[in-house]
Novice: 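Have a look at the structure that comes next, please.
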Amino acid sequence: MMKTLAVTSGVVLALTLALAGAAGAQTFTKDVAPILQKSCQSCHRPGQMAPMSLMTYQDVRPWARSIKQRVTERQMPPWGIDPHVGIQSFKNDPSLRDDEVRLIAKWVDAGAPMGNAADMPKPREFDDSASWHIGKPDVIVTSPKHVVPAEAADWWGSYYVDTGLTEDRYIKAIESKPGKTAVVHHLLTYAVDADMTGDSNGDDSNAETSGEFLNEFAVGKNGDLFPEGTGRLLRAGTKIKFDFHYHSVGQEITDQSQLGIVLYPKGYTPKHVVYSKQLGQPTEPLDIPGGSTYVRSDGYTRFNQAGKITAFQPHMHTRGKRQCIELIYPDNKTEQLNCADWSFNWHIVSVYADDVAPIYPAGTVLHVISWHDNSASKANPDPRNWVGSGQRTIDEMGFAWITWHDFTEEQYKAEFDARKGVRRTTTAQGQPQ
Ligand code: HEC
């Protein structure tokens, strides 16, 4: 008798569990589709750069395993910033939340069920309009026509184009607009000196010049509008360097991209002038033996004035692995800001949220730590080669693009005190800092 009861209750328990599981199970239409709409479809839809569409259940089903892998390894959506170190509040962070990643993984493990068709959300509408998101630009700079063959290796190269500007002016807003989004994997623009020439045309022996980083095109990005009273200086006679990564997509496509710039009125000087420069160049030439893993280099730049860092972008080439940045304050205390995994496929600018953007007193040193990995991997062209510092794509680099503006002593003190207030409130509530 006891035995029967036990068996029966066992069956009942199993049944209950199965039912509860079914009722609570994630489905594509109800749970997964909204996440894909929000975080994936900007790239994963017809005509965009990603290799497959993730719009419908039929599109998505064959990719379920691969989706689980890419989202749990935090490779998709592309971002790079290590979520376990340093500042985590950015204006442009596309990452999935932990619960979204868990949900996708559970859904895939349960066989990626479609669920109820009626639960499917309305398709997301995309603003594919040819208009500028920053308003009507005062200056439009256009890159030369570039033919992307139907099938070819990826193309990294640059073009230099005059702005036509005859006087110094301040930039209020700026937007890069690719002609054909399917083939423009990334587009970065820089302001460079008038004597810079040499369209590289895919010849990667051409020098990678410095200059001031202006703007990046990334899918779903609508341009940079500087906060009121903040701007970038664009000097008369400056040239624009268009840095492209073109990607073949099975048919021949001709691209011509544009940079649009809205200027402050003539004679206006913003309160804060914003700079973007290559900081923390390695102190020693890079020396990366064939087959080596995790070769470290360090670079330092001293800020002679107090200021605020508004954006960070690592820069390395194909052997780049990871970069961390920290501040060494005048009292020798060190604070880690961020670490980012690097992939040469993705040049991502991380823009700090205003209230946590790092501020520092005069005399602070920025410390940039880069790691290169020259072991065999999909991304490494040839792990047998020694690699050193240099300008060509096959050479290496390890610096950070930092965007910042200076503070006067009074401005720094005011912002420092304002933030102290915020911290005290948090501590009073007993929350960890
Ligand atoms: C900024 C554009 C962009 C966004 C946003 C994006 N992807 Fe991707 N995705 C790409 C590109 C480009 C590739 C191909 C290059 C690569 O594999 O890195 C890719 C590759 C993939 C792959 C591998 C395909 C293969 O051939 O094996 C998967 C899976 C994937 N993405 C899933 C996702 C999911 C899921 C999301 C949202 C959570 C997402 N992606 C968001 C651009 C994007």
Side-chain angles (χ1 to χ4, degrees), residues 26-29 31-81 83 90-109 112 121 123-124 126-128 148 151-156 176-178 180-188 215-223 244-250 253 255 313 318 320-321 340-351 377-380:
Q26 286 81 13
T27 67
F28 177 77
T29 52
D31 307 290
V32 175
I35 301 176
L36 302 188
Q37 286 191 348
K38 170 175 68 87
S39 306
C40 318
Q41 292 178 358
S42 53
C43 301
H44 287 274
R45 69 189 149 98
Q48 299 295 321
M49 55 141 110
M52 75 287 190
S53 165
L54 295 178
M55 301 290 282
T56 65
Y57 182 68
Q58 284 67 30
D59 289 343
V60 172
R61 185 61 191 87
W63 294 98
R65 298 241 137 247
S66 171
I67 288 173
K68 178 185 167 189
Q69 189 197 343
R70 293 291 191 116
V71 301
T72 47
E73 286 172 12
R74 296 266 174 206
Q75 291 167 352
M76 286 286 148
W79 177 233
I81 293 285
F90 294 89
K91 288 182 180 170
N92 62 333
D93 182 354
S95 316
L96 298 184
R97 297 190 312 265
D98 287 345
D99 61 302
E100 293 172 321
V101 172
R102 277 198 303 272
L103 188 154
I104 290 177
K106 267 170 87 180
W107 170 72
V108 172
D109 290 343
R124 177 175 162 194
F126 290 94
D127 179 7
D128 286 333
V148 184
E151 276 176 43
D154 286 16
W155 188 93
W156 281 274
S176 303
K177 200 151 63 112
K180 299 289 185 334
T181 44
V183 292
V184 180
H185 195 298
H186 75 236
L187 160 60
L188 296 103
N215 179 251
E216 181 198 41
F217 162 75
V219 174
K221 211 179 134 174
N222 293 341
F244 283 104
H245 172 184
Y246 280 122
H247 182 71
S248 292
V249 291
I253 292 181
D255 175 68
Q313 182 194 349
T318 52
K321 186 76 180 168
D341 289 328
W342 171 253
S343 153
F344 194 50
N345 264 335
W346 299 105
H347 292 239
I348 299 171
V349 185
S350 301
V351 184
S377 82
K378 248 191 356 200
N380 193 345

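When a ligand or atom number is given, it counts from 1 through the structure's own listing order. Just so we're clear, the structure is a prediction, and the values are computed from it rather than from any experiment.
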Novice: Please examine the side chains of M76 and P78, heavy atoms only from C-beta on, and report whether any two atoms are closer than 4.5 Å.
Specialist: yes

Novice: What atoms of ligand 1 come within less than 4.0 Å of a heavy atom belonging to P77?
Specialist: 5 (C), 38 (C), 41 (C)

Novice: Is C43 close enough to atom 8 (Fe) of ligand 1 that one of its N, O or S atoms comes in under 2.8 Å?
Specialist: no

Novice: Taking a cutoff of less than 4.0 Å between a non-hydrogen atom of the residue and any ligand atom, is S39 in contact with ligand 1?
Specialist: yes

Novice: Report yes if the side chains of T29 and Y57 come closer than 4.5 Å at any heavy-atom pair, otherwise no.
Specialist: no

Novice: Using 4.0 Å as the upper bound for N to carboxylate O, is an ion pair formed by D59 and R45?
Specialist: no

Novice: Q48: heavy atom below 4.0 Å from ligand 1, yes or no?
Specialist: no

Novice: Does ligand 1 have a heavy atom under 4.0 Å from the side chain of P78, from its backbone, from both, or from neither?
Specialist: side chain

Novice: For S42, is at least one N or O under 3.5 Å away from an N or O on ligand 1?
Specialist: no

Novice: Using heavy-atom distances only, which candidate in Q41, H44, Q37 approaches atom 33 (C) of ligand 1 most closely?
Specialist: H44

Novice: Report yes if some heavy atom in the side chain of I81 is under 4.5 Å from a heavy atom in the side chain of F90; otherwise report no.
Specialist: yes

Novice: Could you pull out all residues at least two apart from H245 that satisfy ring pair (Phe, Tyr, Trp, His ring centres under 6.0 Å)?
Specialist: W156, H185, H186

Novice: Taking all non-hydrogen atoms of both residues, which atom of Q313 and which atom of L188 are closest, and how far apart?
Specialist: NE2-CD2, 3.8 Å

Novice: Taking the side chain as everything from C-beta on, heavy atoms only, tell me whether M55 gets closer than 4.5 Å to L36.
Specialist: no

Novice: Taking only residues two or more places apart in sequence, or in another chain, which ones meet W63 in a side-chain hydrogen bond (donor to acceptor under 3.5 Å, both in side chains)?
Specialist: none

Novice: Show which atoms of ligand 1 fall inside a sub-4.0 Å distance from at least one heavy-atom site of W63.
Specialist: 24 (C), 25 (C), 26 (O), 27 (O)

Novice: At a non-hydrogen distance cut-off of under 4.0 Å, which region of W346 contacts ligand 1 (side chain, backbone, both, or neither)?
Specialist: side chain

Novice: Nearest heavy atom to atom 10 (C) of ligand 1 wins, so pick from M76, M52, Q75.
Specialist: M76

Novice: Please say whether R70 places an N or O atom under 3.5 Å from an N or O atom belonging to ligand 1.
Specialist: yes

Novice: Does ligand 1 have any atom that is closer than 4.0 Å to a heavy atom of I67?
Specialist: yes

